[in-house]
Protein chains: 2
Amino acid sequence: MGITKTDSFSDSQNRIASIAKALGHPARVAIVEYLLKVNTCICGDIVNELPLAQPTVSQHLKELKSAGVIKGNIEGNAICYCIDEKGIEIIKHFLMSISIKLTTNKNNCC
Amino acid sequence: MGITKTDSFSDSQNRIASIAKALGHPARVAIVEYLLKVNTCICGDIVNELPLAQPTVSQHLKELKSAGVIKGNIEGNAICYCIDEKGIEIIKHFLMSISIKLTTNKNNCC
DNA sequence: AAATAATATCGTAATATTGCAATATACAAA
DNA sequence: TTTGTATATTGCAATATTACGATATTATTT
């Protein structure tokens, strides 16, 4: 069917999945890495950094934004994008708690 | 086109994206959480835990496995699945380094 | 050997994603 | 006000994902 059964899962599971999904494309990973590399937030040249056409980059930015991974402010002519810590913290927390549980459980069965 | 331009991005970016993509579905998040909850690795009842049909669950398990998020061993009749620490560590490291850079950069522009 | 149980694969329909050309919008500068 | 610059939106084709019924596979039990 191609449609995800969102209602069958918890809000938390859906939230984590949507952030992970946003990071689930190399172009979007590259965007996040680039936003980190440039310290300043005047990021008007993301398009030039990627091997993709401008509409494609714009679409990827939109997906990252709607998942809460980045945020953008209008800065005159250009748009200032940067990482949204809240989104990153949610998925980071999920992965760290997995990591901690794995250590304490010493899952040595496989 | 619906085809990802994998070749245009680094191995690292592709690896991180493929793990994130595997976690980018609530059912697969639920599978990971369930595998953590049951301490034992004899996990023959993942299907009963999810609101999805058996072939669908099997497909999700396959995707998690091929991305390196879980691993499975044949245990007689059933299959023993558990978390693959390596995959988790890769994306955890990615997110932690973002988090650290955000703190040191004090990104206060947005 | 036949029946049972657990999981995988196949086939297919519905929907989503990726990518880009063309075009629109919004602001700045001349 | 026209021109240029940056970004978004639209429309569409190619491909991928999600879901599941039907069926196959594999190992255990009777």
Side-chain angles (χ1 to χ4, degrees), chain A residues 1-9 13-14 17-18 20-31 34-35 38 40-67 70-82 110, chain B residues 1-9 13-14 17-18 20-31 34-35 38 40-67 70-82 110:
Chain A
M1 287 159 195
I3 189 164
T4 296
K5 290 175 115 183
T6 303
D7 295 347
S8 307
F9 301 97
Q13 286 164 343
N14 277 300
S18 84
K21 191 177 184 179
L23 292 170
H25 190 290
R28 296 195 288 264
V29 171
I31 288 171
Y34 178 68
L35 284 177
V38 295
T40 55
C41 214
I42 304 106
C43 312
D45 48 349
I46 297 174
V47 172
N48 307 317
E49 280 293 314
L50 293 176
L52 296 169
Q54 181 269 322
T56 309
V57 174
S58 184
Q59 197 175 287
H60 283 309
L61 287 167
K62 192 178 175 184
E63 276 166 65
L64 283 169
K65 196 175 170 186
S66 83
I70 64 172
K71 49 189 175 178
N73 286 57
I74 296 168
E75 191 90 9
N77 202 7
I79 288 191
C80 157
Y81 277 113
C82 59
C110 292
Chain B
M1 286 160 196
I3 190 165
T4 296
K5 290 176 113 184
T6 304
D7 296 347
S8 306
F9 300 97
Q13 286 163 343
N14 278 299
S18 84
K21 191 176 183 179
L23 292 170
H25 190 291
R28 296 194 290 264
V29 171
I31 289 170
Y34 179 67
L35 284 176
V38 295
T40 55
C41 213
I42 303 105
C43 312
D45 48 348
I46 297 175
V47 172
N48 307 317
E49 280 292 315
L50 293 176
L52 296 168
Q54 181 268 322
T56 309
V57 174
S58 185
Q59 198 173 286
H60 283 309
L61 287 167
K62 192 178 174 185
E63 277 166 64
L64 283 169
K65 196 175 170 186
S66 84
I70 66 172
K71 49 190 175 178
N73 285 58
I74 296 166
E75 191 89 7
N77 202 7
I79 289 192
C80 158
Y81 278 112
C82 58
C110 293

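These numbers come from a predicted model, not from an experiment. The sequence lines fix the lettering, A, B, ..., with proteins before strands; numbering per chain opens at 1.
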Review point. What's the verdict on side-chain contact (heavy atoms from CB on, under 4.5 Å) for B:Asn73 and B:Ile79, showing C-alpha distance, side-chain angles and the deciding distance?
Key: CA-CA 6 Å; B:Asn73 285 58; B:Ile79 289 192; over 6 Å; no
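- Taking atom CD of A:Gln59 as the reference point, atom P of C:dA22 lies 17 Å away to the nearest angstrom.
- As rounded to whole Å, 9 Å separates atom P of C:dA8 from atom CD1 of B:Ile70.
- Side-chain N/O atoms of A:Thr56 include none lying less than 4.0 angstrom from OP1 or OP2 on C:dG19.
- For the atom pair B:Ser8 OG and A:Leu52 CG, the distance stands at 6.5 Å (nearest 0.5 Å).
- The side chain of B:Lys21 places no N or O atom within less than 4.0 Å of a non-bridging phosphate oxygen (OP1 or OP2) of C:dT17.
- The distance between atom CG of B:Asn48 and atom C1' of C:dA5, rounded to the nearest whole Å, is 12 Å.
- Applying the side-chain contact (heavy atoms from CB on, under 4.5 Å) test to A:Gln59 and every residue at least two apart in sequence or in another chain returns A:Glu63.
- In this structure, A:Asn73 places its CG atom 15 Å from C1' of D:dT7, rounding to the nearest Å.
- Taking atom CD1 of A:Ile79 as the reference point, atom C1' of C:dA28 lies 15 Å away to the nearest angstrom.
- Separating the CG atom of A:Leu50 from the C1' atom of C:dG19 is a distance of 13 Å, rounded to the nearest angstrom.
- Applying the side-chain contact (heavy atoms from CB on, under 4.5 Å) test to A:Lys65 and every residue at least two apart in sequence or in another chain returns A:Ile70, A:Tyr81.
- Counting only heavy atoms from C-beta outward, the side chains of A:Ile31 and A:His60 approach each other to under 4.5 Å.
- The side-chain heavy atoms of A:Asp45 and A:Val38, taken from C-beta on, include no pair separated by under 4.5 Å.
- Put simply, A:Tyr81 has a side-chain N or O that comes within less than 4.0 Å of OP1 or OP2 on D:dA8.
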Point to revise | Protein-to-nucleotide contact annotation, 5' to 3' order, nucleotides 21-30 of chain D [B base; S sugar-phosphate only; - none; under 4.0 Å, heavy atom] | key: BB----BS--
Practice item. Begin with the C-alpha distance, continue with both residues' side-chain angles, and end with the deciding distance and a verdict on side-chain contact (heavy atoms from CB on, under 4.5 Å) for B:Asn14 and A:Val29. Key: CA-CA 8 Å; B:Asn14 278 299; A:Val29 171; over 6 Å; no
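- Regarding A:Ile46, its CD1 atom lies at a distance of 16 Å from the C1' atom of D:dT5, rounded to whole Å.
- Close to C:dG19, at under 4.0 Å from its OP1 or OP2, lies a side-chain N or O of A:His25.
- What separates CG of A:Leu61 from P of D:dA6 is a distance of 15 Å, to the nearest Å.
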